[in-house]
Amino acid sequence: MEPLFLYNTLSRKKEEFKPAHPPFVGMYVCGPTVYSNAHLGNARTYVSFDIINRYFLHIGYKVRYVRNITDAGHLEGDQDEGDDKFAKKAKLEQVEPMEIVQKYTLDFHEILRQFNTLPPNVEPTATGHIIEQIELCKQIIANGFAYEISGSIYFDVQKFIKDYNYTELSNRNLDDLLTNTRDLGGQDEKRGRLDFALWIKAKPEHLMHWPSPWGEGFPGWHIECSAMSCKYLGKEFDIHGGGMDLIPTHHTNEIAQNLASHHVQPARYWIHTNMLTVNGQKMSKSLGNSFLPGELFAGTHKLLDKGYSPMTVRFFMLQAHYRSTLDFSNQALQASEKGLERLMNAFKVIDTLKTAGNSSFSVEDLRKKCYEAMNDDFNTPILIAYLFDGVRFINSVKDGKETITSADLAALKKLYSDFIFDIMGLKEENNLPDASGSDDKLMGAVLAIRREVRAKKDFSTSDLIRDELKKINIVIRDTKDGVVLEKF
RNA sequence: GGUCGGGUGGCCGAGCGGCUAGGCUGAGCUCUGCAAAAGCUCCUACAGCGGUUCAAAUCCGCUCCCGACCUCCA
């Protein structure tokens, strides 16, 4: 196996990936808070980790991919008081909080299914692990890194920084954080401004609450990931991932919790994906500039000219590196749509190629380059560039300008199949007319008529048939070998 | 305000000391009844100003813009 390098947020450089217990890889990715529809920015993160998961699987690792669902405890704002997001939404929609959770969990799964992502091996929920979270709180208290104030438990950052580095992941200046005079508003029962809630006392009107040694309450946002990653992957595992926006707060606090309870850093490699932007601004629910995947597929969003298929969007995402921001626009999507079509067509052309006694192009070279690209921090844009180099070769063989041996042809077919479908996770979307159905017989009849009039050089009738078919999204291409159909 | 990350050809987007990706768009050519598809060719860019170096889009400094984080966010 060739060495694989990935960018580790902890060290801020690319490192060779060496799992603790090969061939096993443990990977934990922070999942969504299911209080509203997942938007395209969310989807980008999970598509990025899907590539990473798929690539590990492809090169032979046995991956345990854990991705949580946050269905409790996520508060509005940082005041550690008031409703959580689920309760607020439940009131708004006049349903139970768990109905909110169910609705948006299903939505999330449906979207990821459309993007053709592989499901995680374990998908734990916060509400399903209340006991584990309470136990973890107890451990942190026992170790002296948390304190109770009127039924709530807070993590003692001041205490923590005496023994550990609180800002290792975020690389922030601790003094700046401590002295930041930014007004947070509202009074606070916490001792330190960086302290955060592990367990929150439930108010009487609060709907989601559980018994604990400190009374009825619910878990803080960060504790669930510490509890669940430990339960399914152990105290130390290989990779922890999530969106970049989780670095300074969520992941920083998660590491603190793990160190305060188990005295070890949970993950050896931290991978963070960058944001999707719209007109240069981060796509986020609070900014109101988010696109729902459904709006994108259907083309109903007001900023869109037309709809784009899930695979077009997926390909669009893969044309940028996961650690770069990706700006979302009609033009860029259109370019991806065309490019994907070109790539997929070339894949189909492979089957039609005639072989020769020698190859005028090194398939082995191309194969090496493709793996090199992926081994360099999952560089899908580079990979795609190489695949397009191969596309030109494939088309040239078809045109008789290049040659390929039968062994190379088989290798080429496998290479494209592996990278397009297994690793990039793309799939065929265009529905060609059904070869066995009545559709096909009808088309056959139409094409027979057209063939007849073309033979008589009646090109105006021939073109009329082509134009009429185009109106119903069936495109006819006349080639040397006959008529090719494309249906959209 | 503090911290961090960016500014690449018409658009998107890689590269991050020498070899000047790739996709889309546009122009021309080949093929074709025409079109489409495909191939070939062309349009050669790195915000600005200094500096280091035999050599800089790539390193350093300054300036100007933009974004992210510091508040929930993937």
Would you mind reading off the distance between A:N289 atom CG and B:A74 atom P, rounded to a whole angstrom? 14 Å
Spacing of the P atoms in B:C60 and B:G17 (rounded, Å): 11 Å
Atom CG of A:L340 and atom P of B:G22 are separated, to the nearest Å, by 19 Å
A:D50 vs A:R54, test: salt bridge (Lys or Arg N to Asp or Glu O under 4.0 Å). Steps then yes/no. CA-CA 6 Å; A:D50 186 53; A:R54 283 172 177 275; 2.8 Å; yes
A:G242 near the nucleic acid: base, sugar-phosphate alone, or nothing, with a heavy-atom cut-off under 4.0 Å? sugar-phosphate
Nearest-angstrom distance, C1' atom, B:A14 to B:G23: 11 Å
Do nucleotides 9-21 of chain B as a string where each nucleotide becomes B, S or -: B if the base has a protein heavy atom under 4.0 Å, S if just the sugar-phosphate does, - if no protein is that close. --SSSSS-----B
To the nearest Å, how far apart are A:M275 CE and B:C66 C1'? 17 Å
Comparing nearest nucleotides in RNA chain B, the 5'-proximal residue of the pair A:T249, A:N274 is A:T249
State whether A:Y35 and A:K285 meet the cation-pi test: NZ (Lys) or CZ (Arg) under 6.0 Å from the six-membered ring centroid, and within 45° of the perpendicular axis. yes
Measure the distance from CZ on A:F291 to P on B:A74 and round it to the nearest whole Å. 18 Å
Rounded to whole angstrom, note down the C1' distance from B:U58 over to B:U52. 14 Å
Expressed in angstrom and rounded to an integer, what is the separation of A:L246 atom CG from B:A68 atom C1'? 13 Å
Between A:Y35 (OH) and B:C72 (C1'), how many Å, whole number? 6 Å
Length of the line joining A:L292:CG and B:A74:P, which is rounded to integer Å: 13 Å
Is the distance from the ring center of A:F218 to that of A:H209 below 6.0 Å? no
How many Å lie between CG on A:L177 and P on B:G1, as a whole number? 19 Å
Whole-angstrom distance between B:G18 and B:C12, as gauged at atom P: 26 Å
When you compare the side chain of A:R342 with that of A:F388, does any pair of heavy atoms fall below 4.5 Å? yes
Would you confirm whether the ring centroid of A:H222 sits within less than 6.0 angstrom of the ring centroid of A:F196? yes
Check: A:F347 ring centre within less than 6.0 Å of A:F419 ring centre: no
Separation between the P atoms of B:A57 and B:U71, rounded to whole Å: 40 Å
Provide the distance between the two C1' atoms, one in B:A55 and one in B:G67, to the nearest whole Å. 33 Å
Between the CG atom in A:N253 and the OG atom in A:S226, the distance rounded to the nearest 0.5 Å is 9.0 Å
Take A:T167 and A:S170, measure what side-chain hydrogen bond (donor to acceptor under 3.5 Å, both in side chains) needs, and give me the verdict at the end. CA-CA 5 Å; A:T167 54; A:S170 67; 5.2 Å; no
Taking the six-membered ring for Trp, are the ring centroids of A:H39 and A:F291 within less than 6.0 Å of each other? no
Which of A:N8, A:D377, A:D376 passes side-chain hydrogen bond (donor to acceptor under 3.5 Å, both in side chains) with A:K14? Answer is A:D376
Bracket notation of RNA chain B in which parentheses pair within the strand, [ ] cross earlier pairs, and | pairs with another strand (Watson-Crick or G-U, under 3.5 Å): (((((((..(((.....[...))).(((((.......)))))....(((((..]....))))))))))))....
Along RNA chain B (nearest heavy atom to each residue), the more 5'-positioned of A:K285 and A:N171: A:N171
Report yes or no: is the cationic atom of A:R67 (NZ for Lys, CZ for Arg) closer than 6.0 Å to the six-membered ring centre of A:F49, at no more than 45° off its axis? no
Please encode protein proximity along nucleotides 27-38 of chain B as a string of B, S and -, counting only heavy-atom distances under 4.0 Å. ------BBBBSS
Centre-to-centre under 6.0 Å for A:Y232 and A:F237, is that the case here? no
Using atom P in both nucleotides, what's the gap between B:C64 and B:C29 to the nearest angstrom? 50 Å
With rounding to whole Å, what would you report as the distance between B:C70 and B:C11 at their P atoms? 32 Å
Go through the steps to decide whether A:D71 and A:T127 satisfy the test side-chain hydrogen bond (donor to acceptor under 3.5 Å, both in side chains), and finish with yes or no. CA-CA 6 Å; A:D71 60 349; A:T127 55; 2.6 Å; yes
